[in-house]
Amino acid sequence: MKFMRGLIKNNDRDWFNARKPIYERELKAPMLALIDEINHAMAEFAPDHLRDPKKIMMRIYRDTRFAKDKRPYKRQISAWWAKRGMEKTSGGGFYFHAGPKEVLVSIGVYMPEREQLRAVREWMAENHEAYRAMVKKILKTRSTGMTSIDGYELTRMPKGFASDHPADELLRARNWGVHAYLPVEAALKPNFGNEIVKRFRLAAPLIEALNGAILDAERESKGARGINFGQLY
């Protein structure tokens, strides 16, 4: 935490490079060990999301190519468990980050690409009651502090959906899932991995349903393209 507070105040390459051994020893190595611990637990309820810890841990370096903010480093360390086969797209997954200002555990689908966005919305149109029930069940476990994530809803209903659809805010959303903010001190305790796993496990059925919607749409799309191709001959 001391290193991260210093990085926030001195977000430049000279400061970081002079202290890179500290980052490697005090942040990267413990983070990889934590991810490995979480991986072992997730094998029971989300085996398709497991990869080498080095691939799950996110880079400390920011992509500033198209950003107005040119600071080169992130203000937290983070990890993202994508579903196998969806690593380079969006899909639903498990995420957490820890820094001196906040600790966030989040499970959901975030700003997916256009095809996945459409797939989730079409699934929501038919399954909004089931989705709401799954979220309600998660939120009932109050000890986890889970709440629904910000959907960043559109002001208007997306094209192709009735304006009075009962899934209103779910269809206008661009994010779906749940998250919890933990005290910063949580990241310094020996049971931090257990706290993350507890929330990941609780929301795993939600991720399975959302990814299922995306994969079903992809399979239907591939099947349709195959049929059209065959009709040319």
Side-chain angles (χ1 to χ4, degrees), residues 1-8 22-60 73-84 86-87 90-110 131-151 175-211:
M1 289 299 179
K2 181 179 179 181
F3 178 91
M4 294 302 295
R5 285 193 293 268
L7 182 59
I8 290 172
I22 299 174
Y23 167 75
E24 297 280 347
R25 182 179 68 250
E26 303 294 340
L27 283 163
K28 187 175 181 179
M31 181 68 162
L32 292 174
L34 176 62
I35 292 170
D36 186 59
E37 174 191 340
I38 294 170
N39 273 357
H40 280 83
M42 289 180 68
E44 298 178 5
F45 60 87
D48 289 343
H49 290 259
L50 303 185
R51 289 186 292 162
D52 185 287
K54 291 180 181 178
K55 294 184 179 295
I56 292 172
M57 182 176 179
M58 302 179 78
R59 289 162 52 87
I60 191 73
Y73 304 104
K74 298 174 184 176
R75 293 170 289 181
Q76 68 275 325
I77 53 174
S78 54
W80 168 246
W81 283 261
K83 184 177 177 64
R84 193 175 299 118
M86 291 183 168
E87 297 91 345
S90 300
F94 304 82
Y95 171 86
F96 87 86
H97 70 231
K101 294 189 175 181
E102 68 177 25
V103 171
L104 172 67
V105 179
S106 195
I107 307 99
V109 174
Y110 311 95
Y131 176 82
R132 293 186 199 278
M134 284 189 284
V135 171
K136 184 177 180 179
K137 183 177 180 180
I138 294 168
L139 303 190
K140 280 178 66 177
T141 310
R142 295 182 180 178
S143 62
T144 63
M146 303 289 276
T147 60
S148 294
I149 66 173
D150 189 338
N175 298 327
W176 298 269
V178 293
H179 65 192
Y181 287 94
L182 307 183
V184 171
E185 296 75 21
L188 306 177
K189 295 181 178 179
N191 68 339
F192 186 38
N194 292 336
E195 290 297 320
I196 295 169
V197 168
K198 177 169 64 175
R199 291 163 177 81
F200 281 7
R201 187 190 303 273
L202 187 62
L206 194 69
I207 290 300
E208 187 174 355
L210 292 172
N211 280 334

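Excluded from the calculations below are hydrogen atoms, water molecules and symmetry mates; all remaining heavy atoms, backbone and side chain alike, are included.
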Between Ala186 and Leu182, the two heavy atoms sitting closest are CB-CB, 4.1 Å
Would Lys28 and Leu32 count as a side chain to side chain contact (heavy atoms under 4.5 Å, CB included) if you check the C-alpha gap in whole Å, the side-chain angles of each, and the deciding distance to 0.1 Å? CA-CA 6 Å; Lys28 187 175 181 179; Leu32 292 174; 4.2 Å; yes
Show me the pairs that pass side-chain hydrogen bond (donor to acceptor under 3.5 Å, both in side chains) and involve residues 43-58, at least two apart or across chains. Glu44-Arg201, Asp48-Lys83, Asp48-Arg84
Quick note, ring-ring contact (aromatic ring centres under 6.0 Å, His included) partners involving residues 22-41, not counting sequence neighbours, are Phe16-Tyr23
Do Val135 and Trp176 touch side chain to side chain, with heavy atoms closer than 4.5 Å? no
Would you compute the distance between atom NZ of Lys2 and atom CG of Leu7 and round it to the nearest 0.5 angstrom? 14.5 Å
Shortest non-hydrogen contact from Gly193 to Glu37? CA-OE2, 3.7 Å
Could you point out which residue of His97, Arg75, Gln76 forms a side-chain hydrogen bond (donor to acceptor under 3.5 Å, both in side chains) with Glu102? His97
If I compare all heavy atoms of Pro100 with all of Ile8, which pair ends up nearest, and what's the gap? CG-CD1, 3.5 Å
Give a yes or no on whether Glu195 atom CD has more than 12 heavy-atom contacts from other residues, nucleotides or ligands under 6.0 Å away. yes
Measuring from Leu139:CG to Thr144:OG1, what's the distance to the nearest 0.5 Å? 7.5 Å
Please name the pair of heavy atoms, one in Tyr95 and one in Ser78, separated by the smallest distance, quoted to 0.1 Å. OH-CB, 3.6 Å
With sequence neighbours left out, what residues match Lys189 under salt bridge (charged side-chain N to carboxylate O under 4.0 Å, His left out)? none
For a 4.5 angstrom cut-off between non-hydrogen side-chain atoms, does Ile138 reach Leu206? yes
How far apart are the closest heavy atoms of Gly108 and Trp80, and which atoms are they? O-CH2, 4.0 Å
With Tyr181 via ring pair (Phe, Tyr, Trp, His ring centres under 6.0 Å) - residues at least two apart: His179
With sequence neighbours left out, write down each residue that passes side-chain contact (heavy atoms from CB on, under 4.5 Å) with Ala79, or none if nothing qualifies. Met31, Ile35, Ile56, Trp81, Phe96
Taking all heavy atoms of Gly99 and all of Val184, pick out the closest pair and write down the distance. O-CG1, 3.6 Å
Between Ile38 and Phe94, is a side chain to side chain contact (heavy atoms under 4.5 Å, CB included) present by the stated rule, with each step listed? CA-CA 11 Å; Ile38 294 170; Phe94 304 82; over 6 Å; no
Distance check, rounded to the nearest 0.5 Å: Leu210 atom CG versus Ser90 atom OG? 12.5 Å
Just do the side chain to side chain contact (heavy atoms under 4.5 Å, CB included) check on Met4 and Lys101 with the steps written out, would you? CA-CA 10 Å; Met4 294 302 295; Lys101 294 189 175 181; over 6 Å; no
Starting at CG of Leu202, measure out to CE of Met146 and round the result to the nearest 0.5 Å. 6.0 Å
More than 12 foreign heavy atoms under 6.0 Å from NZ of Lys74: is that the case here? yes
As an exercise, state the distance from OG of Ser106 to CG of Asp150, rounded to the nearest 0.5 Å. 11.0 Å
Pairs flagged by side-chain hydrogen bond (donor to acceptor under 3.5 Å, both in side chains) wherever residues 132-141 is involved - sequence neighbours left out: Arg132-Glu169
